[in-house]
Amino acid sequence: MITTGVVLSGGGIRGFAHLGLLQVMDECGIKPHAISGVSAGAIAGAFYASGHKPQQIMEILKKSSYFGWSAFSLRKDGFFSMKTLLSTLKVYIPHDSFESLSTPLFITATDFTNNRTAVFSKGKLFDAIIASCSVPVLFEPVKIGNSLFVDGGLLNNLPVEPLGGVCDTLVGCHVNRIGPEPITKKRIGKINIIEKCFHMAIADIIYEKAKKCDLFIEPQLHKYGMFDMNKSDIIYEAGYREALKYKNRLLDLAS
């Protein structure tokens with residue numbers, strides 16, 4: 001039996017497009033053998049691996065946005081805390097452990113203390129998810145053991161490595177495709193400038209990693225920002241439509 005692994009990139013709200021891919025895979029009867037996720041991809045992967053359907057996950061995340069101003073704080077090492085996300089995880093994922101998941105999950109974070117990528121696949125689940133999503137400055141680093149961890153996309157925003165030798169075929173979904181920046185009178189915004197600079201810096205690395213995927217899906221989402229929560233339905237549909245183009249290829253890879 002051929003096993004299919006799924007690799008889900010980071011991307012903030014653009015991660016809703018991952019759910020569109022997972023929806024198409026469900027409709028094709030393709031169950032991932034394992035999932036590797038980072039940041040937003042880690043969230044989508046964790047909920048899916050715990051047994052939730054893609055459309056259920058979308059509704060859960062839409063009503064439980066962890067970008068809410070209620071989490072704003074100036075006294076910590078980030079503008080926002082992850083208390084809202086942690087509360088949501090506790091409600092919808094019964095057990096705080098990788099071992100309780102129905103699908104093996106690998107979560108990538110950045111070990112800020114030791115300047116390296118770290119992969120979590122055993123033990124406590126929630127801390128690993130939150131660490132993987134903790135965008136530097138915006139969110140507080142997460143202490144696990146003797147190290148501080150931040151967003152895994154900082155060093156590896158398409159973590160194909162954890163699934164090497166684990167699955168026969170790999171399907172990668174990258175939601176941070178860089179598009180042209182239109183010259184208008186509208187302000188771009190500091191966060192958008194920082195975000196685009198980050199993605200331009202790591203673009204070459206992403207596409208080198210993409211070569212290791214048997215199928216690489218990249219919805220055109222560059223016009224949506226990391227925090228455009230009101231565009232979540234549109235982003236989900238964009239991911240679904242893009243994945244649907246490769247339905248026959250998905251079926252071929254799984255057969």
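All residue numbers refer to positions in the sequence shown, counting from 1.
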Is there side-chain contact between [X] and [Y], with heavy atoms separated by less than 4.5 Å?
{"X": "Phe47", "Y": "Leu61", "value": "yes"}
{"X": "Ser9", "Y": "His18", "value": "yes"}
{"X": "Val7", "Y": "Cys173", "value": "no"}
{"X": "Tyr48", "Y": "Ile57", "value": "yes"}
{"X": "Asn176", "Y": "Glu218", "value": "no"}
{"X": "Ser134", "Y": "Glu140", "value": "no"}
{"X": "Val142", "Y": "Leu148", "value": "no"}
{"X": "Thr113", "Y": "Asn146", "value": "no"}

On a heavy-atom basis, which atom in [X] and which in [Y] lie closest, and how many Å separate them?
{"X": "Lys143", "Y": "Gly145", "value": "NZ-O, 2.8 Å"}
{"X": "Gly20", "Y": "Ala243", "value": "O-CB, 4.4 Å"}
{"X": "Leu170", "Y": "Lys212", "value": "CD1-O, 3.8 Å"}
{"X": "Leu221", "Y": "Ala238", "value": "CD2-CB, 3.7 Å"}
{"X": "Pro54", "Y": "Asp26", "value": "CD-OD2, 3.3 Å"}
{"X": "Val175", "Y": "Ala17", "value": "CG1-CB, 3.8 Å"}

I'd like to know if the side chain of [X] reaches the main chain of [Y], judged simply by a donor and an acceptor atom lying under 3.5 Å from each other, with no hydrogens or angles considered.
{"X": "Glu59", "Y": "Gln56", "answer": "no"}
{"X": "Ser147", "Y": "Ile144", "answer": "no"}
{"X": "Asp214", "Y": "Val171", "answer": "no"}
{"X": "Ser255", "Y": "Asp252", "answer": "yes"}
{"X": "Asn114", "Y": "Arg116", "answer": "no"}
{"X": "Ser132", "Y": "Ser39", "answer": "yes"}
{"X": "Ser50", "Y": "Leu101", "answer": "no"}
{"X": "Glu99", "Y": "Gly123", "answer": "yes"}
{"X": "Arg14", "Y": "Tyr224", "answer": "yes"}
{"X": "Ser36", "Y": "Pro159", "answer": "yes"}

From [X] atom [atom1] to [Y] atom [atom2], the distance as rounded to the nearest 0.5 Å:
{"X": "Lys124", "Y": "Ile129", "atom1": "NZ", "atom2": "CD1", "result": "12.5 Å"}
{"X": "Ile93", "Y": "Leu125", "atom1": "CD1", "atom2": "CG", "result": "5.5 Å"}
{"X": "Lys53", "Y": "Met58", "atom1": "NZ", "atom2": "CE", "result": "15.0 Å"}
{"X": "Leu163", "Y": "Thr169", "atom1": "CG", "atom2": "OG1", "result": "10.0 Å"}
{"X": "Leu253", "Y": "Thr4", "atom1": "CG", "atom2": "OG1", "result": "6.5 Å"}
{"X": "Ile130", "Y": "Phe149", "atom1": "CD1", "atom2": "CZ", "result": "13.5 Å"}

* To do: Show your reasoning for whether ring-ring contact (aromatic ring centres under 6.0 Å, His included) applies to Phe98 and Phe126.
  => CA-CA 9 Å; Phe98 281 88; Phe126 298 162; 9.8 Å; no

Counting only heavy atoms not in Lys31 (residues, nucleotides, ligands), do more than 12 fall under 6.0 Å from its NZ? yes

Would Val6 and Leu8 count as a side chain to side chain contact (heavy atoms under 4.5 Å, CB included) here? Give the steps. CA-CA 6 Å; Val6 178; Leu8 306 176; 3.4 Å; yes

* Do the two ring centres, one from Phe216 and one from Tyr246, sit under 6.0 Å apart? -> no

task: Decide side chain to side chain donor-acceptor pair (under 3.5 Å) for Lys63 and Thr88; before the verdict, give the C-alpha distance in whole Å, the side-chain angles of both, and the deciding distance to 0.1 Å.
output: CA-CA 10 Å; Lys63 67 182 182 183; Thr88 302; over 6 Å; no

Same hydrophobic cluster for [X] and [Y], using side-chain heavy-atom links shorter than 4.5 Å among ILVMFWY?
{"X": "Leu215", "Y": "Ile2", "answer": "no"}
{"X": "Leu89", "Y": "Val38", "answer": "no"}
{"X": "Ile107", "Y": "Val166", "answer": "no"}
{"X": "Leu244", "Y": "Ile234", "answer": "yes"}

Checking Leu22, Leu250, Val24 against Ile30 for side-chain contact (heavy atoms from CB on, under 4.5 Å), the one that qualifies is Leu250

* Asked: Given the rule in the side chain to side chain contact (heavy atoms under 4.5 Å, CB included) test, do Ile60 and His52 qualify, once you have shown the distances and angles that lead to the verdict?
  -> CA-CA 10 Å; Ile60 289 170; His52 294 286; 4.1 Å; yes

Worksheet item: Going through the checks in order, is the side chain to side chain contact (heavy atoms under 4.5 Å, CB included) test met by Val150 and Val135?
Response: CA-CA 6 Å; Val150 296; Val135 180; over 6 Å; no

Residues passing the salt bridge (Lys or Arg N to Asp or Glu O under 4.0 Å) test with Glu161, sequence neighbours excluded, are Lys209

Run Phe16 and Tyr240 through side chain to side chain contact (heavy atoms under 4.5 Å, CB included) and show every step you take.
CA-CA 10 Å; Phe16 275 81; Tyr240 178 82; over 6 Å; no

Sorted by chain and residue number, the side-chain hydrogen bond (donor to acceptor under 3.5 Å, both in side chains) partners of Thr117 (sequence neighbours excluded) come out as none

Does the distance from a Lys or Arg side-chain N to an Asp or Glu carboxylate O, for Lys90 and Asp96, drop under 4.0 Å?
no

